[in-house]
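Have a look at the structure below, then the notes.
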Amino acid sequence: MNETSATTETTAVAGETSAVKPPQLRAARVRKQSIIKFVILFVTLAFLFVPLLAMLIFTLRHPLSGRWSAAPWIAIFTGNGESLGADLTVLWQGLGTSLALSVVTVVLMLLLLVPTMVIVHIRSKALERAIEWVATLPLTIPAIVLVVGLGPIYRWLSADVLNTNPIWLCFAYVILVMPFAFRAIAVGLNSIDVKTLVEASRSLGASWPKVFFRVIIPNLWQSILSASFISIAVVLGEYTVASLLGRMNLQVALYQLGQSNSQISTAMSLLALLFGVVLLVALDLISDAMRKSKEGK
């Protein structure tokens with residue numbers, strides 16, 4: 001018995017010793033993992049930034065003469081592109097329209113989605129799944145197909161109800177941003193216990209408006225900001241619907257400007273991408289500030 005126990009203990013100790021890797025092997029494994037991570041990160045960054053770097057070089061180096069100049073950027077920031085043969089009036093018109101469309105689209109999207117999603121989240125899971133299917137349906141429909149259906153509606157709106165002002169593209173853009181906004185808000189709703197918050201507030205005598213604006217909305221601020229910023233990015237980058245419906249926005253203006261001066265058009269496209277990055281960074285900073293303020297309380 002003693003010999004058997006000793007043999008068993010010896011085998012267990014040998015197994016544990018073999019299971020524990022020497023420090024040299026662990027260090028080699030860590031170095032290998034670090035190299036793999038670095039290669040993946042480098043390839044990803046190259047895939048993202050090489051095209052942007054090429055665009056930047058194109059705006060600074062004239063494609064025919066090869067002369068380096070910051071004239072396209074100077075023209076954008078001074079608002080005068082006559083020296084380069086470009087009329088920037090179209091660009092500012094398109095930019096103003098897209099910014100106005102962003103604001104109106106975000107407001108309409110929030111008024112439509114937030115109350116609807118909160119109500120169905122509390123009342124009916126089956127109806128919530130049906131609304132999710134409807135909200136995400138535009139992802140499966142190409143924009144050009146949407147225009148085919150929206151074209152007759154916009155002709156009727158332009159002729160009999162409203163006018164041809166590009167601001168009315170907001171109705172089409174609400175459809176386009178709905179899938180992204182829905183997912184952002186749904187994440188926020190699923191991260192909190194909405195039913196418990198509503199029942200506790202109602203038991204304390206709070207009315208439904210107070211429950212919605214003072215209990216639920218403060219807990220959904222991060223998701224609402226995410227949905228808003230994503231919607232702004234989608235609206236600023238939309239081209240197909242505006243072009244096929246004959247309306248002016250930023251992307252249509254960039255296309256028209258590119259016919260006369262492609263360098264200015266490319267520089268403005270880079271600025272639009274930079275604005276999108278700023279939105280994402282702002283979202284991250286605001287989310288961190290809100291989380292820290294909640295933890296501080």
Side-chain angles (χ1 to χ4, degrees), residues 101-150 153 168-238 240-241 276 279-280 282-284 286-291 293-295 297:
L101 277 169
S102 300
V103 175
V104 177
T105 301
V106 167
V107 171
L108 290 178
M109 177 270 297
L110 293 178
L111 290 177
L112 178 64
L113 278 185
V114 176
T116 304
M117 292 180 64
V118 170
I119 292 172
V120 299
H121 186 81
I122 297 172
R123 298 295 186 184
S124 174
K125 287 293 182 181
L127 186 58
E128 185 178 22
R129 287 192 292 270
I131 292 178
E132 179 180 4
W133 180 81
V134 173
T136 55
L137 189 61
L139 284 177
T140 63
I141 303 175
I144 191 170
V145 177
L146 285 175
V147 174
V148 172
L150 292 172
I153 298 175
W168 304 121
L169 285 174
C170 61
F171 301 124
Y173 285 175
V174 168
I175 298 175
L176 293 179
V177 306
M178 192 178 297
F180 311 102
F182 181 90
R183 295 311 311 163
I185 298 173
V187 169
L189 284 174
N190 293 327
S191 64
I192 60 176
D193 193 348
V194 180
K195 289 186 177 180
T196 301
L197 290 174
V198 171
E199 291 174 359
S201 302
R202 293 290 291 168
S203 65
L204 294 174
S207 62
W208 279 109
K210 286 187 177 181
V211 172
F212 183 77
F213 289 106
R214 302 187 64 178
V215 178
I216 297 178
I217 293 299
N219 286 282
L220 290 179
W221 265 120
Q222 185 172 349
S223 298
I224 290 175
L225 287 175
S226 300
S228 301
F229 288 171
I230 292 173
S231 300
I232 292 173
V234 172
V235 172
L236 291 179
E238 201 287 317
T240 305
V241 174
L279 284 181
L280 294 177
L283 173 62
D284 186 56
I286 293 173
S287 300
D288 288 342
M290 294 176 64
R291 183 169 57 253
S293 64
K294 288 182 179 180
E295 292 175 355
K297 293 180 180 179

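Computed over heavy atoms, backbone and side chain alike; hydrogens, waters and symmetry mates excluded. Not measured: the values here are computed from a predicted model.
With values rounded to the nearest 0.5 angstrom, Ser201 atom OG is found 9.0 Å from Trp208 atom CH2. In this structure, CG in Leu169 is found 8.5 Å from OG1 in Thr105, a value given to the nearest 0.5 Å. Rounding to the nearest 0.5 Å gives a distance of 9.0 Å between CD1 of Ile122 and CG of Leu197. The CD1 atom of Ile185 lies 5.0 Å from the CG atom of Leu113; values are rounded to the nearest 0.5 Å. Rounding to the nearest 0.5 angstrom, the gap separating the CD1 atom in Ile232 from the CE atom in Met109 is 8.5 Å. Put simply, CG on Leu150 and CZ on Phe171 are 11.5 Å apart, with the number rounded to the nearest 0.5 Å.
Counting heavy atoms from C-beta on, the side chains of Val234 and Tyr173 never come closer than 4.5 Å. Contact annotation: the side chain of Ile131 approaches that of Phe182 to within less than 4.5 Å [non-hydrogen atoms, C-beta and beyond]. At least one side-chain heavy atom of Leu112 sits less than 4.5 Å from a side-chain heavy atom of Met178. Taking the side chain as every heavy atom from C-beta outward, Phe212 and Pro115 approach each other to under 4.5 Å. When side chains are defined from C-beta on, Val211 counts as touching Ile216, because their heavy atoms get closer than 4.5 Å.
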Legend entry - Check against side chain to side chain contact (heavy atoms under 4.5 Å, CB included), Val235 and Val106: CA-CA 9 Å; Val235 172; Val106 167; over 6 Å; no

Inset, instruction - Apply side chain to side chain contact (heavy atoms under 4.5 Å, CB included) to Val215 and Lys210, showing your working. - result: CA-CA 7 Å; Val215 178; Lys210 286 187 177 181; over 6 Å; no

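Among residue pairs with one or both ends in residues 103-126, those qualifying as salt bridge (Lys or Arg N to Asp or Glu O under 4.0 Å) are Lys125-Glu128; sequence neighbours excluded. Contacts classified as salt bridge (Lys or Arg N to Asp or Glu O under 4.0 Å) and involving residues 178-203 (residues at least two apart or in different chains) are given here: Glu132-Arg183. Contacts classified as salt bridge (Lys or Arg N to Asp or Glu O under 4.0 Å) and involving residues 214-228 (residues at least two apart or in different chains) are not found. Listed by first and then second residue, the salt bridge (Lys or Arg N to Asp or Glu O under 4.0 Å) pairs involving residues 135-149 amount to none (not counting sequence neighbours).
The shortest heavy-atom contact between Leu189 and His121 is O-NE2, 3.8 Å. Across all their heavy atoms, Val120 and Met117 have their closest contact at CG2-O, 3.4 Å.
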Donor-acceptor contacts, no H, no angles, side chain residues 137-148, under 3.5 Å, sequence neighbours left out:
unit_1	atom_1	unit_2	atom_2	d
Thr140	OG1	Leu137	O	2.8

Could you pull out every donor-acceptor pair under 3.5 Å between side chains of residues 220-229 and any protein atom, sequence neighbours left out?
unit_1	atom_1	unit_2	atom_2	d
Ser223	OG	Ala184	O	3.4
Ser223	OG	Gly188	N	3.2
Ser226	OG	Gln222	O	3.0
Ser228	OG	Ile224	O	2.8

